[in-house]
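Here the structure is laid out as structure tokens; the discussion comes afterwards.
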Amino acid sequence: MFGGGAPDGRAEPISAMQTDDRKTLEQRHQMSELERLRHSCAHVMATAILRLWPDAQFAYGPPVETGFYYDLECSHRITPEDFERIEAEMKQEIKANHVFERIAVSREQAVVDASSGRLGGLAERPGNPSKFKLDLLGAIPEGEPISYYRNGDFLDLCAGPHVMRTGNIGAFKLTSVASAYYKGDEKNPQLQRVYGTAFKNKTQLEEWLKMQEEAKKRDHRKLGQEMGLFFMDAEYTGPGMPLWLPNGTVLVEELEKLAKETEFAAGYVRVRTPHLAKEKMYLTSGHLPYYAESMFPPMTLLEGDDPAKRPLLREKFQEALHDGAELTPDKIDTFLERAYQIFKAEGLEGDRYYLKAMNCPHHHRIFAAEPRSYRDLPLRMAEYGCCYRYEQSGELFGLMRVRSLNMNDAHIYCTEDQFAAEFAAVNEMYLKYFKIFGLEKYIMRFSTHAASGLGKKYVNEPALWLKTEDMVRRVLQQSGINYVEVPNEAAFYGPKIDVQVWSAIGREFTIATNQVDFAVPARFGLEYRDRDNTMRTPLCIHRAPLGTHERFVGFLIEHYAGNFPLWLAPEQVRVLPVTEQQLDYARALVAELRGAMVRAEFEFSNDKLQGRIQRAEAARAHHILVVGQKEQDAVAVAVRIHGKGQQGVRPRAEVVADILQSIRERRS
RNA sequence: GCCAGUUUAGCUCAGUGGUAGAGCAUCCGAUUUGUAAUCGGACGGUCGUCGGUUCAAAUCCGACAACUGGCUCCA
């Protein structure tokens, strides 16, 4: 029976479990040599686990990008402390150098073996059938050959391919243990997933382990703390709601400046909208029925606007504080609980307000605020809007997945004729940004709808879906941008393009988005008067090339490993006088730079120059300008660049001019 | 939300049932400095929170919270 099965305690029949996409035999045989090795290592790991805990039942054990895993169910809860024992057993199996023997079988024979517990086992296990293997057998289409692979005693249902012998596995290491739903479906039981990695030889494994260590140092959460960029104050501000510290605020504001300049040049106008809106807004936009669970719960105001009830509100607050004691922090929770109950009993409930989870409805209302003509289009409305989304607690992840986010948002209202040019221009803007940040590895995911989701996941407009998807596809093809098309992942109001990037430490992120909306403008009754004097509904393009500040800054931290280019660096220049004799000269230099909006600091402490250099480097000040008597006499500075060492002594005016130019050009 | 792990000073971490520690940071003093750490001293913790076991809990047990690794999700 399944350990953590259905909520009511009954085990679900495996046959009822949802199946996912299977790899075809052809795809399997395209496995690289390294993937074969890793997949084989998964079998070896299963062998070892069975030696230690013979009741283990195995499900899937594929190679993955960084190694392999095998999902299993077992009476013993495997922890990292067990790794040493498992690895010791694995080494034995490798040393034995068993052949990976392929055995073709009939479906009938496979069912018999699985029922006896032989598959994914070292021997027959009466009363403990290979239930996952039985389920997998059922998913193999009629006519497809069925095969086992055997290494020593371990026999597994497996299409392969494998390496020749267990001895071919050069070096391996178990890395972590996690849990995973069987077949990735929430409704299925959770299995234990043991992760490992394997390489041809020990050198490659060690290199990989070293890289992992390096990656840890670039983690944006670690660097964010070290560099004073942001602070997660879960206890007071709330989980997933970063507080931007001064250094992080610099990054945010530089990005905003970049966006404002770029958007201004591209003919956008800017707007600003509140963080709250009435329930009607999101009922109209359609977000509440589709995404209510992802929004913060509503705030309830007093009934209507009845001013007579306002004193009552205060009175009831006082009542909740009935003991008249001071409201010290430790009493706040109890107080709120009490106040809430009293309010409810008094019927002090009225309009419901929601924190905005997206800016579009607000922008739609701005569009509707005055009559529009075809001459006004395209209308490109931009805002760095602050939104709030109630992400599930387990999904929060540093700056990458948060509950309060600032979007590089804009909505472009246009006619059908204008659509292609506008959509292409947005894609061009993406590429311009990527160039500034030296971003080379990215892919555009074009998400389309699925007919089965119409009316549920997607607005029920089959013809419009096909039409707009075709429009987007044509723009993509004409611009020659690399893209993949993914069915059944569109937004509820239209197809979209997400830009996937990889941070320097290999994390994959959706950093930007570009979406078509053919549904919501109509729900808000948006229209413009066309050339022929008829009223038409505009198309809307939602776009966010820089995504959110939170995610983009998080990405940049890892991308640059905290070593930002001059224009982004929180501290652009640190001036270090060698002795007290150069204090005035140094101060004047800082004043000149700050007068030109350069983030320049000055340090003269009791420490030796060496110590101050060390601290300036640790603080990642981009330019370190050392001024001693020689420099002062020559009106020069000794330049040192963070991470690059000394650059020599140069005339002061020249250095200042270079700094200003590098910042202006946003050089990388 | 689910499974598992973690939580000791501002930061990095040691401390396996018997008087809470180190380095860095901070503050004070000395040192006046030429390219990645001058020297000395002081300050700093209800060991995540609440409860339990025990003569005695950072340490053992339980609940909750946050974070981490995954899964699911991601307008």
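Sequence lines set the chain letters: A, B, ... in the order given, protein chains first and strands last, and positions in each chain run from 1.
Comparing the C1' positions of B:A20 and B:A58 gives a spacing of 8 Å, expressed to the nearest Å. If you take atom C1' in B:A25 and the same atom in B:U12, they sit 11 Å apart, rounded to whole Å. Atom C1' of B:G69 sits at a distance of 50 Å from the matching atom of B:A30, rounded to the whole Å. The gap from the C1' atom of B:G1 to that of B:A22 amounts to 41 Å, rounded to the nearest Å. Distance check on atom P: B:G17 versus B:U68 gives 31 Å, rounded to whole Å. Nucleotides B:C67 and B:G48 are separated by 10 Å at their C1' atoms, to the nearest Å. Comparing the C1' positions of B:G45 and B:U53 gives an interatomic distance of 25 Å, to the nearest angstrom. Comparing the C1' positions of B:C43 and B:C28 gives an interatomic distance of 10 Å, to the nearest angstrom.
When Watson-Crick and G-U wobble pairs are counted only if both distances are under 3.5 Å, B:U19 pairs with no nucleotide at all. Nucleotide B:A42 forms a pair with B:U26, judged by Watson-Crick or G-U wobble geometry with both contacts under 3.5 Å. Searching all strands for a Watson-Crick or G-U wobble partner of B:A57 with both distances below 3.5 Å returns nothing. The partner of B:C47 is absent, by the rule that a Watson-Crick or G-U pair needs both atom distances under 3.5 Å. Remark: B:U31 base-pairs with no nucleotide in the shown strands. Criterion, Watson-Crick or G-U wobble with two distances under 3.5 Å. Nucleotide B:U6: paired with B:A66 (Watson-Crick or G-U wobble, both distances less than 3.5 Å).
Across all strands shown, A:Lys496 has heavy atoms under 4.0 Å from sugar-phosphate atoms exclusively, and none from any base. The residue A:Ala638 sits close to a base: some heavy atom pair falls under 4.0 Å. Nucleic acid contact for A:Ala357: base, since at least one base atom lies under 4.0 Å from a heavy atom of the residue. Among the atoms of the strands shown, none is found under 4.0 Å from any heavy atom of A:Thr548. The residue A:Gly394 sits close to a base: some heavy atom pair falls under 4.0 Å. Contacts of A:Tyr181 with the nucleic acid, taken as non-hydrogen atoms under 4.0 Å apart, include base atoms. Using a 4.0 Å heavy-atom cutoff across all strands shown, A:Glu293 reaches no nucleic acid atom at all. Residue A:Glu235 is classed as having no contact, given no heavy-atom separation below 4.0 Å to the nucleic acid. Contact annotation for A:Gln646: base contact, defined as any heavy-atom pair under 4.0 Å involving a base atom. Using a 4.0 Å heavy-atom cutoff across all strands shown, A:Phe604 reaches at least one base atom of the nucleic acid. Heavy atoms of A:Gln515 sit under 4.0 angstrom from primed sugar atoms or phosphate atoms, though from no base atom. Looking at heavy-atom distances under 4.0 Å, A:Arg615 makes no contact with the nucleic acid at all. Residue A:Gly238 is classed as having no contact, given no heavy-atom separation below 4.0 Å to the nucleic acid.
Aromatic ring centres of A:His542 and A:Tyr493 lie closer together than 6.0 Å. A distance of 6.0 Å or more separates the ring centres of A:Phe509 and A:Phe555. Within the 6.0 Å centre-distance limit, the rings of A:His287 and A:Phe492 are counted as a close aromatic pair. For A:His411 and A:Phe367, the gap between ring centers reaches or exceeds 6.0 Å. Here the two rings, on A:Trp465 and A:Phe518, have centers that are under 6.0 Å apart.
For a distance-only test at 3.5 Å, the side chain of A:Arg77 fails to qualify as a donor-acceptor partner of the base of B:C3. Side-chain atoms of A:Tyr69 and base atoms of B:G69 include no donor and acceptor less than 3.5 Å apart. Side-chain N/O atoms of A:Ser179 and base N/O atoms of B:G70 include a donor-acceptor pair closer than 3.5 Å. For B:G34, the base has no donor-acceptor partner in the side chain of A:Gln582 [N/O atoms by modelled type, under 3.5 angstrom]. Side-chain atoms of A:Ser294 come within donor-acceptor range of the base of B:A75, with a qualifying N/O pair under 3.5 Å. Side-chain atoms of A:Arg640 and base atoms of B:A36 include a donor and an acceptor less than 3.5 Å apart. Residue side chain A:Glu395 reaches the base of B:U72 through a donor-acceptor N/O pair under 3.5 Å, judged by distance alone.
Of the candidates B:C2, B:A37, B:A75, B:C2 carries the atom nearest the A:Gln190 side chain, counting heavy atoms from C-beta on. Looking at the side chain of A:Lys630, the nearest of the listed nucleotides B:G34, B:U68, B:A75 is B:G34. Here the nucleotide nearest the side chain of A:Phe397, chosen from B:G34, B:G69, B:U72, is B:G69. Listed nucleotides: B:U35, B:A66, B:U33. Nearest to the side chain of A:Gln610: B:U35. Looking at the side chain of A:Val626, the nearest of the listed nucleotides B:C67, B:U35, B:U31 is B:U35.
Taking atom CG of residue A:Leu396 and atom C1' of nucleotide B:G70, one finds them 15 Å apart after rounding to whole Å. Put simply, CE on A:Met227 is 18 Å from C1' on B:G10, counting in whole angstrom units. Whole-Å rounding puts the A:Lys644 NZ to B:U35 C1' distance at 17 Å. When rounded to the nearest whole Å, the span between CG of A:Asp409 and C1' of B:A75 equals 11 Å. One interatomic measurement links the two molecules: NZ of A:Lys222 to P of B:C11, which rounds to 12 Å at whole-angstrom precision.
The 5' end of RNA chain B is approached more closely, in terms of each residue's nearest nucleotide, by A:Asn606 than by the other of A:Ala618 and A:Asn606. Annotation: of the two residues near RNA chain B, A:Glu617 and A:His287, the 5′-most nearest-nucleotide partner is A:Glu617.
Panel note: side chain A:Tyr430, backbone A:Thr513; a donor-acceptor pair is recorded below 3.5 Å. With A:Arg403 contributing its side chain and A:Gly238 its backbone, the two residues share no donor-acceptor pair below 3.5 Å. A donor-acceptor contact shorter than 3.5 Å is absent between the side chain of A:Tyr388 and the backbone of A:Leu276.
For A:Arg221 and B:U68, the shortest distance from a side-chain N or O to OP1 or OP2 is below 4.0 Å.
Here CG of A:Asp219 is found 10.5 Å from CD of A:Glu226. Values are rounded to the nearest 0.5 Å.
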